[in-house]
Amino acid sequence: MSESLPTVPTVPAKPSDALSADSLPVRFASRASAPRPNGELPPTEGWFSLPPYAFGSPYALQVASRITQCPPPPPDLRDPAASPFVYGLTLPSAAATPLIAHEAADAVLDVHEVEDELVEPALELVHELAIHACRFTGAGEMIHLVLRRSDGVLQVVAHDTHTPHLNSRLARQCAERRRVSLTAVRELAAGRGGECGFAAAHPPATGVCTWASIGAGLTGASDPGGVQEEAA
């Protein structure tokens, strides 16, 4: 039996000075900032740099080599470890998607034998961020989820297809609607000393990227009362 996705309350229009949210920026990488053929990023030049969550993009952030190795190199045959790991899942915007994402993430955490105390909050983050991404992605379109762990930090990233508004008034209203939708995610991340936020997706991806992190080794955690927003 399918369940309908929870709806987000309609946010009434407010005066421009009532909300502090700025429109979400769209950044374009210069050629000098492009990843190298081996997938490594060059040193940051100027203000542009790719944040960690950008590597959860539904598009590979690396340049294909001019020479194709054949036979191709072998896959990683090492036994799964609790850290690091990264998995991506592309799903339709549909009522069953949060449950499917939850079950898939449960399998990943089980195979990698992640600590018991992180399993439940991680699964809750996956479920809630899947719901959030579906709210901002129309029927027939796809959301993209990433579950990754590195240096003790477990991060969930969700990409939706709702492109940031160019109109400042609409952008403020939409940002407020996103903050309301992320209430459960914000509380869960803050309760675990983590962080959450959203920003325009980095090209070639479109829409908005939302992330939340929990676990040890976090720095720059967001204020429990708010959600981080990428600034230009």
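Side-chain atoms are counted along with the backbone in the values below, which use heavy atoms only and exclude waters and symmetry mates. All residue numbers in this chain count up from 1 along the given sequence.
Side chains of I143 and C134 form a contact here, defined as non-hydrogen atoms less than 4.5 Å apart. Annotation: side chain of L109 is in contact with side chain of L154 (closest heavy-atom distance under 4.5 Å). Two residues are said to be in side-chain contact when any heavy atoms from C-beta on lie closer than 4.5 Å; L182 and L129 meet this criterion. In this structure, the side chains of V114 and R149 come closer than 4.5 Å at one or more pairs of heavy atoms. Looking at E117 and I214, their side chains never come closer than 4.5 Å, going by heavy atoms from C-beta outward.
Cluster membership check: L125 shares its hydrophobic cluster with Y87, using side-chain heavy-atom separations under 4.5 Å among Ile, Leu, Val, Met, Phe, Trp and Tyr. Residues V86 and W211 are members of one and the same hydrophobic cluster, defined by side-chain heavy-atom contacts under 4.5 angstrom among Ile, Leu, Val, Met, Phe, Trp and Tyr.
Across I131 and P98, no two heavy atoms sit closer than the pair CG1-CG, 3.5 Å. In plain terms, the two heavy atoms of C174 and F136 that are nearest each other are SG-CE2, 4.3 Å. Between G138 and T161 the shortest heavy-atom distance is N-OG1, 4.3 Å. Pairing each heavy atom of L89 with each of A101, the nearest pair is CD2-CA, 4.1 Å. Here the closest heavy-atom approach between residue S150 and residue P84 is recorded as CA-CB, 4.3 Å. V157 and C209 get closest at one heavy-atom pair: CG1-SG, 3.4 Å.
Taken from CG in L147 to CZ in F85, the straight-line distance is 5.0 Å, to the nearest 0.5 Å. Note: R186 CZ to E195 CD = 14.5 Å, rounded to the nearest 0.5 Å. Here T210 contributes atom OG1 and H132 contributes atom NE2; the two are 3.5 Å apart, rounded to the nearest 0.5 Å. With rounding to the nearest 0.5 Å, the separation of CE in M142 from OG1 in T90 is 6.0 Å. Atom CD in E103 sits 6.0 Å away from atom CG in D106 (nearest 0.5 Å). Between the CG atom of L145 and the CD1 atom of I100 there is a distance of 11.0 Å, given to the nearest 0.5 Å.
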Can you check side-chain contact (heavy atoms from CB on, under 4.5 Å) on L123 and H127, steps first, answer last? CA-CA 6 Å; L123 292 178; H127 188 267; over 6 Å; no
Run the numbers on S181 and R135 for side chain to side chain donor-acceptor pair (under 3.5 Å), then give the verdict. CA-CA 8 Å; S181 178; R135 286 170 175 157; 2.7 Å; yes
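When atom types are taken as modelled, the side chain of T97 and the backbone of P92 share a donor-acceptor pair closer than 3.5 angstrom. Of the possible donor and acceptor atoms, one in the side chain of N167 sits under 3.5 Å from a partner among the backbone N and O of R169.
A salt bridge does not link E124 with R192: every distance from a Lys NZ or Arg NE/NH1/NH2 to an Asp or Glu carboxylate oxygen is 4.0 Å or more.
For H162 and H159, the gap between ring centers reaches or exceeds 6.0 Å.
Counting non-hydrogen atoms of neighbouring residues, nucleotides and ligands closer than 6.0 angstrom, the CG atom of D79 reaches no more than 12 such neighbours. Around the CD atom of E141, the shell of radius 6.0 Å holds more than 12 heavy atoms that belong to other residues, nucleotides or ligands.
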